[in-house]
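First up is the structure itself, then whatever we jot down about it.
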Amino acid sequence: MTGAATSQTFRTAIVPAAGLGTRFLPATKAVPKELLPVVDTPGIELVAAEAAAAGAERLVIVTSPGKEAVVKYFETQPELEENLTAKGKDELLDKVRRGPALLAVETAIQEQALGLGHAVAQAEPNLKPDDEAVAVLLPDDLVLPTGVLERMSAVRAEFGGSVLCAFDIPKAEISPYGVFDVTDTDDEDVKRVHGMVEKPKPEDAPSTYAAAGRYLLDRAIFDALKRITPGSGGELQLTDAVALLITEGHPVHVVVHRGGRHDLGNPGGFLRAAVDFALETPEYGPSLRAWLTERIGTDRP
C-alpha cells in the first residue's frame with residue numbers, strides 16, 4: 001500500500017462541535033465543552049492537530065449560535081503574544097501560537113441540533129470544487145495513537161469510496177455501538193462494509209467491529225444526506241447516509257484501529273484522558289503517578 005505522502009485524498013476536515021455539552025453542566029454554561037483542557041490543551045486543538053498531521057489544510061468547525069469561542073480559539077492574539085514575549089515566556093508563547101498555526105479554520109452554523117448527519121451537511125457550502133472527499137472527526141473521540149486518518153487516506157487511494165474507522169470490541173460489550181457488517185480483504189485490518197446495525201444485542205451483532213469517531217467520506221455523502229429521512233427525534237444520521245451509498249454500490253471500507261481511545265463526551269472519560277495525558281508529561285507525570293499510587297493505596301472512600 002502506498003504511504004501517506006503519496007496517498008493524500010483530502011484537504012478539508014469537518015469537526016461537528018454544535019452540542020450543548022449538557023453532561024458538563026454547569027461548566028458549559030460559559031465554556032464550550034470543546035475548550036475544556038486535557039491537561040493544558042483543549043480537546044478541539046488535539047483533534048485539529050490530528051487532522052493537520054494527516055494532511056488537512058482547512059478545518060470547518062460546525063458550531064451553534066453562542067459557541068463562537070470555539071472558532072475564536074484558533075485566532076491569533078497579538079496582545080497576549082506581545083505580553084509573553086516581553087516577559088521572556090517563550091515556552092508559553094509557543095503553546096499560544098500552536099493552535100492558530102495548525103491550519104485554516106472556518107465556521108459553519110447548525111441552528112438546530114438535528115443529528116450528526118445534519119451537522120455535517122451544514123459544512124457543504126464551505127467546500128471547494130476540488131474537495132472530492134472530506135474527513136470528519138468527532139471531537140469527543142480521541143483515537144490513540146494518532147495516525148489512523150493517514151491509513152484511511154491510503155485505503156481510499158487504493159479502493160476509492162469512503163473509509164471509516166473501527167475498533168474491535170469484545171462481543172459481550174458490543175451493544176452500545178454501531179456495528180459493521182463486513183467481509184475480509186487481503187489486509188486483516190481493512191474490511192469491506194456491507195451494512196451497519198445500531199446497538200445490536202451481542203447475539204445479533206454482525207461482527208465485533210464498532211464505529212469510532214473518524215470518517216473519510218466521498219463528496220457523494222452530501223447528496224445522500226439530502227435523500228435520507230429523519231429518524232427518531234427528527235435527526236438525520238450520518239450512518240443512514242453511508243448505508244444509502246452502500247445500497248447504491250458505493251464502496252465503503254473500515255480500517256480497524258488497534259490502539260486506544262478516550263471519550264471526552266462525559267466527565268468520567270474526560271478525567272481518564274486528562275490523567276493519561278498528564279502521566280506522559282515530564283512536568284506532571286512523576287508526581288501525579290506517585291500521588292495516584294498513594295491515593296489508591298489508602299483506605300479513604
Side-chain angles (χ1 to χ4, degrees), residues 15-17 19-53 67 69-70 73-74 80 84 87-99 102 137-149 165-178 199 202 208 210-214 256-301:
V15 174
L20 299 177
T22 52
R23 284 179 286 185
F24 285 88
L25 285 169
T28 46
K29 289 194 303 179
V31 181
K33 175 186 63 176
E34 295 80 11
L35 294 183
L36 297 176
V38 181
V39 186
D40 60 358
T41 303
I44 191 73
E45 183 181 323
L46 296 173
V47 172
E50 179 184 348
K67 293 189 69 174
V70 177
Y73 176 79
F74 291 95
L80 175 58
L84 294 173
K87 294 180 178 179
K89 296 186 176 182
D90 295 339
E91 186 175 341
L92 284 177
L93 181 64
D94 290 342
K95 289 183 177 182
V96 166
R97 288 175 169 170
R98 187 175 57 202
L102 284 172
L137 299 88
L138 303 191
D140 284 351
D141 279 332
L142 292 185
V143 178
L144 303 171
T146 58
V148 70
L149 273 176
C165 178
F167 277 80
D168 193 357
I169 303 292
K171 198 148 194 174
E173 302 170 16
I174 204 75
S175 292
Y177 299 94
K199 301 181 179 180
T208 57
R214 299 293 180 270
V256 182
H257 185 63
R258 302 294 180 181
R261 69 190 296 189
H262 285 299
D263 180 3
L264 301 185
N266 66 83
F270 192 93
L271 285 171
R272 283 190 286 273
V275 170
D276 194 17
F277 274 63
L279 286 171
E280 297 300 319
T281 64
E283 184 176 0
Y284 306 114
S287 60
L288 177 61
R289 188 179 302 274
W291 179 83
L292 284 170
T293 301
E294 179 185 357
R295 174 64 180 87
I296 292 170
T298 64
D299 198 25
R300 284 189 290 172

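Not measured: the values here are computed from a predicted model.
Between A51 and L149, the shortest heavy-atom contact is CA-CD1, 4.3 Å. Nearest heavy-atom pair across V70 and P32 is CG2-CB, 3.5 Å. Closest of all the heavy-atom pairs between L137 and P16 is O-CD, 3.4 Å. Nearest heavy atoms, L288 versus A278: CD2-CB, 3.5 Å. Contact detail for F167 and G259: the closest heavy-atom pair is CE2-O, 3.4 Å. Contact between L264 and A273 at its shortest, heavy atoms only, is CD2-CB, 3.6 Å.
Judged by distance alone, the side chain of R23 and the main-chain N or O of G265 form a donor-acceptor pair under 3.5 Å. R295 places no side-chain N or O within 3.5 Å of a backbone atom of A290 that could act as its donor or acceptor partner. No donor-acceptor distance shorter than 3.5 angstrom exists from the side chain of T41 to the backbone of V38, with no hydrogens or angles considered.
Using a 4.5 Å heavy-atom cutoff, the side chains of H257 and P145 are in contact. Counting only heavy atoms from C-beta outward, the side chains of D90 and L84 never approach each other to under 4.5 Å. Within the 4.5 Å cutoff, no side-chain heavy atoms of R261 are placed close to those of L144. No side-chain heavy atom of Y177 sits less than 4.5 Å from a side-chain heavy atom of K199. Looking at heavy atoms from C-beta onward, E45 lies out of side-chain contact with L35 at the 4.5 angstrom threshold. Looking at heavy atoms from C-beta onward, R289 lies out of side-chain contact with P286 at the 4.5 angstrom threshold.
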Inset, instruction - Apply ring-ring contact (aromatic ring centres under 6.0 Å, His included) to the pair F24 and F270, showing each step before the final yes or no. - result: CA-CA 10 Å; F24 285 88; F270 192 93; 5.8 Å; yes
Inset, instruction - Tell me, with the steps shown, if L142 and V47 meet side chain to side chain contact (heavy atoms under 4.5 Å, CB included). - result: CA-CA 7 Å; L142 292 185; V47 172; 4.2 Å; yes
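From D263, atom CG reaches atom CG of D140 across 6.0 Å, with rounding to the nearest 0.5 Å. Of the inter-residue distances, the one linking L279 atom CG with L292 atom CG reads 6.0 Å to the nearest 0.5 angstrom. Separation of atoms CG (L80) and CG (L92) is listed at 9.0 Å; rounding is to 0.5 Å.
When each of K33, E34, K67 is paired with T28, the side-chain contact (heavy atoms from CB on, under 4.5 Å) condition holds for K33 and for no other.
Counting non-hydrogen atoms of neighbouring residues, nucleotides and ligands closer than 6.0 angstrom, the CZ atom of R98 exceeds 12 such neighbours. Residue K89 places its NZ atom among 12 or fewer non-hydrogen atoms of other residues, nucleotides or ligands, all under 6.0 Å distant.
Separation of the F277 and Y284 ring centroids does not fall under the 6.0 Å cut-off.
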